[in-house]
Student: 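Here it is: the structure, laid out below.
Lettering of chains follows the sequences in order, A, B, ..., and the numbering in each one begins at 1. Side chains included, hydrogens not; waters and symmetry mates left out as well; all remaining heavy atoms used.
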2 protein chains.
Amino acid sequence: MTSQVQIDQRVKSFIAACRQHGIKATQQRMEILRELASTEEHPDAETVFARVRKRLPTISLDTVYRTLRTLEENEIISRVGSMRERARFDANTAPHHHFVCSDCGLIGDFYCDELQGFPPPPEVADMGSVDSVYIELRGRCRACQIKRDRTE
Amino acid sequence: MTSQVQIDQRVKSFIAACRQHGIKATQQRMEILRELASTEEHPDAETVFARVRKRLPTISLDTVYRTLRTLEENEIISRVGSMRERARFDANTAPHHHFVCSDCGLIGDFYCDELQGFPPPPEVADMGSVDSVYIELRGRCRACQIKRDRTE
DNA sequence: TCCTATTTAGTAATAATTCGTATTTACACA
DNA sequence: TGTGTAAATACGAATTATTACTAAATAGGA
Ligand SMILES: [Mn+2]
Ligand SMILES: [Mn+2]
Ligand SMILES: [Zn+2]
Ligand SMILES: [Zn+2]
């Protein structure tokens with residue numbers, strides 16, 4: 001899927017991005033990014049650690065976690081799902097979706113028929129069968145927008 | 001928003017649902033459901049615990065967690081966000097969404113322009129500003145479907 | 001070359017959730 | 001209306017992913 005040339009290219013542009021963001025293009029960061037860019041399986045931190053360790057035997061798990069966070073903050077990689085927050089529960093059984101404020105954690109319901117009856121694209125059928133659609137709109141709630149405007 | 005009568009009705013139908021599912025309608029379960037049905041704020045386990053405790057002072061946090069899981073398994077309530085245990089990372093920066101197998105955790109990419117440019121409904125604009133759309137199709141991957149067919 | 005951000009190692013802290021187990025309780029049925 | 005029993009609870013302890021200390025070593029990059 002992803003050729004060696006493409007991966008090398010990605011790492012190269014990462015080095016440029018580091019300069020832009022003012023962070024160092026360390027060996028560890030480059031190898032962690034290379035590992036992630038080489039797979040489509042969306043690995044977890046432990047998996048990345050185990051694989052990068054083959055090439056950089058002294059790397060620490062701590063560095064992997066720290067680096068993944070740094071890369072995410074700089075929007076070089078992303079995280080699947082909404083981990084690292086506690087589980088939130090919902091007794092509303094009507095079909096609906098959520099707006100989530102990424103500053104304060106507010107969760108609001110909204111209803112949308114178009115999204116509700118959305119047909120899964122054919123490429124998904126190849127992967128498996130879908131039994132539910134989870135949709136989350138992420139942004140900043142009114143209150144947090146105001147709060148943010150005041151502090152800058 | 002939700003009237004006392006409606007909440008009582010919900011608890012009453014929960015008792016019937018318990019009979020259906022073959023689980024016991026305990027005081028704890030009823031109060032936990034009542035608490036969730038009384039709010040639109042999608043509380044976490046600790047919050048439910050704190051509130052239910054006012055009415056059932058001897059309830060344990062463990063019971064709250066266990067009950068929320070039971071209610072979720074019986075599809076009486078739902079969980080906002082992902083229930084995954086470890087964070088998963090992604091170096092694919094192209095706009096895309098995910099198919100997630102709830103049996104084995106497989107995560108696959110898919111692309112869909114209609115979803116991509118989807119306009120947030122007006123009720124969402126009242127809540128705040130949206131900066132990203134997170135979509136996850138949940139189901140069972142090919143391999144897990146086969147595995148499941150064999151064991152039943 | 002040299003300054004300093006970053007990594008390492010190794011341990012400890014957190015924090016959400018789950019487990020072990022003795023005890024209690026819901027409820028089917030006698 | 002009592003009673004037996006599987007299911008559920010309470011409580012503390014355990015687990016697990018992740019983050020936080022530290023001090024000393026390393027290595028980017030100007
Ligand atoms: Mn909701
Ligand atoms: Mn992806
Ligand atoms: Zn907010
Ligand atoms: Zn699967």
Side-chain angles (χ1 to χ4, degrees), chain A residues 11-35 42-50 52-74 76-77 79-89 105, chain B residues 11-12 14-33 35 42-50 52-74 76-77 79-89 105:
Chain A
V11 172
K12 223 174 91 185
S13 72
F14 166 65
I15 296 173
C18 283
R19 195 155 299 136
Q20 267 217 346
H21 292 287
I23 65 172
K24 290 185 178 178
T26 66
Q27 213 63 38
Q28 291 87 345
R29 284 174 177 167
M30 286 191 289
E31 289 309 315
I32 287 167
L33 177 68
R34 178 189 302 282
E35 200 51 57
H42 307 82
D44 60 27
E46 285 277 2
T47 304
V48 171
F49 174 59
V52 168
R53 215 210 297 230
K54 287 177 191 160
R55 271 169 290 134
L56 294 179
T58 67
I59 198 170
S60 69
L61 180 58
D62 184 31
T63 296
V64 173
Y65 272 109
R66 196 166 4 81
T67 300
L68 289 171
R69 215 163 2 116
T70 304
L71 296 181
E72 192 194 359
E73 280 161 5
N74 291 94
I76 290 159
I77 66 169
R79 180 184 297 250
V80 184
S82 47
M83 281 300 298
R84 210 70 314 260
E85 53 194 44
R86 35 222 313 197
R88 302 276 292 264
F89 299 89
Chain B
V11 173
K12 224 174 93 186
F14 167 66
I15 296 173
C18 282
R19 194 156 300 133
Q20 268 218 345
H21 292 288
I23 65 173
K24 292 182 179 177
T26 65
Q27 212 62 38
Q28 292 86 341
R29 283 174 177 166
M30 287 190 288
E31 289 309 315
I32 287 165
L33 178 69
E35 199 50 58
H42 306 83
D44 58 28
E46 285 277 3
T47 303
V48 172
F49 174 59
V52 170
R53 217 215 286 237
K54 288 177 191 161
R55 269 169 291 135
L56 293 179
T58 67
I59 198 171
S60 68
L61 180 58
D62 179 39
T63 295
V64 173
Y65 272 109
R66 194 167 6 82
T67 300
L68 290 171
R69 210 160 10 110
T70 304
L71 296 182
E72 191 194 359
E73 280 161 6
N74 291 94
I76 290 160
I77 65 168
R79 178 185 299 250
V80 184
S82 86
M83 72 222 77
R84 241 156 289 119
E85 59 296 333
R86 309 147 97 108
R88 302 276 293 265
F89 298 90

Student: Determine, step by step, whether B:V64 and B:V52 satisfy the side chain to side chain contact (heavy atoms under 4.5 Å, CB included) criterion, reporting the C-alpha distance in whole Å, the side-chain angles of both residues, the deciding distance to 0.1 Å, and the verdict.
Tutor: CA-CA 9 Å; B:V64 173; B:V52 170; 5.6 Å; no
Student: Going from CZ on B:F49 to CG on B:L68, what distance comes out if it is rounded to the nearest 0.5 angstrom?
Tutor: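 Going from the CZ atom of B:F49 to the CG atom of B:L68 covers 12.0 Å.
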Student: Has B:R88 got a side-chain atom pairing as donor or acceptor with A:V80's backbone, closer than 3.5 angstrom?
Tutor: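 Answer holds: no.
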Student: Distances under 3.5 Å between protein N/O atoms and the N/O atoms of nucleotides 25-30 of chain D, please, pair by pair.
Tutor:
from: D:dG29; atom 1: OP1; to: A:A25; atom 2: N; distance (Å): 3.1

Student: Check whether any side-chain heavy atom of A:I59 sits under 4.5 Å from a side-chain heavy atom of A:I32, and report yes or no.
Tutor: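 Sidechains of A:I32 and A:I59: in contact.
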Student: Let me spell it out: for each of A:R29 and B:A45, pick the nucleotide of DNA chain C with the closest heavy atom. Which residue's pick is nearer the 5' end?
Tutor: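 With A:R29 and B:A45 compared, the 5'-side residue is A:R29.
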Student: Could you list the residues that satisfy side-chain hydrogen bond (donor to acceptor under 3.5 Å, both in side chains) with A:S60, not counting sequence neighbours?
Tutor: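 Applying side-chain hydrogen bond (donor to acceptor under 3.5 Å, both in side chains) to A:S60 gives A:T63.
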Student: Determine: side-chain N/O of B:R69 to OP1/OP2 of C:dT17, distance under 4.0 Å, yes or no.
Tutor: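 It does not, given that no N or O in the side chain of B:R69 lies less than 4.0 Å from OP1 or OP2 of C:dT17.
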Student: Can you tell me how far CG of A:L61 sits from CZ of A:R53, rounded to the nearest 0.5 angstrom?
Tutor: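 That separation rounds to 8.5 Å.
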Student: Take atom CD of A:E72 and atom C1' of D:dT18, then tell me their distance rounded to the nearest Å.
Tutor: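 Value for this atom pair: 13 Å.
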Student: Measure CG/A:N74 against P/C:dT6 and give the value in whole Å, please.
Tutor: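 About 10 Å, once rounded to whole Å.
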Student: Can you measure A:F49 atom CZ to D:dA17 atom C1' for me and round it to whole angstrom units?
Tutor: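 About 14 Å, once rounded to whole Å.
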Student: Please report the distance, rounded to the nearest Å, between CZ in B:R86 and C1' in C:dT17.
Tutor: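 Computing the B:R86:CZ to C:dT17:C1' distance gives 15 Å.
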Student: Output the rounded distance in Å from CZ (B:R53) to P (D:dA10).
Tutor: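 Taking atom P of D:dA10 as the reference, CZ of B:R53 is at 11 Å.
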Student: Give the residues of residues 60-68 of chain A touching DNA chain D, defined as any heavy atom closer than 4.0 Å, sorted by residue number.
Tutor: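 By residue number: A:D62, A:Y65.
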Student: Excluding sequence neighbours, so at least two apart, what forms side-chain contact (heavy atoms from CB on, under 4.5 Å) with A:S13?
Tutor: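 Counting only residues at least two positions away or on another chain, A:S13 forms a side-chain contact (heavy atoms from CB on, under 4.5 Å) with A:Q9.
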Student: Within this structure, what is the NE2-to-C1' distance between B:H21 and C:dA26, rounded to whole angstrom?
Tutor: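 Interatomic distance, NE2 of B:H21 to C1' of C:dA26: 18 Å.
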Student: Cut-off 3.5 Å, no hydrogens considered: what does the side-chain donor-acceptor table look like for residues 20-31 of chain B, sequence neighbours left out?
Tutor:
from: B:H21; atom 1: ND1; to: B:N74; atom 2: ND2; distance (Å): 3.1
from: B:T26; atom 1: OG1; to: B:R29; atom 2: N; distance (Å): 3.2
from: B:R29; atom 1: NH1; to: B:K24; atom 2: O; distance (Å): 2.8
from: B:E31; atom 1: OE1; to: B:R55; atom 2: NH1; distance (Å): 2.1

Student: Round to a whole Å and report the spacing from CZ of A:R55 to P of C:dT7.
Tutor: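 Rounding to the nearest Å, CZ of A:R55 and P of C:dT7 are 16 Å apart.
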Student: To the nearest Å, how far apart are B:I59 CD1 and C:dT25 C1'?
Tutor: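 That distance rounds to 14 Å.
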Student: Residues in side-chain contact (heavy atoms from CB on, under 4.5 Å) with B:R69, at least two apart?
Tutor: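 side-chain contact (heavy atoms from CB on, under 4.5 Å) list for B:R69, sorted by chain: B:R66, B:E73.
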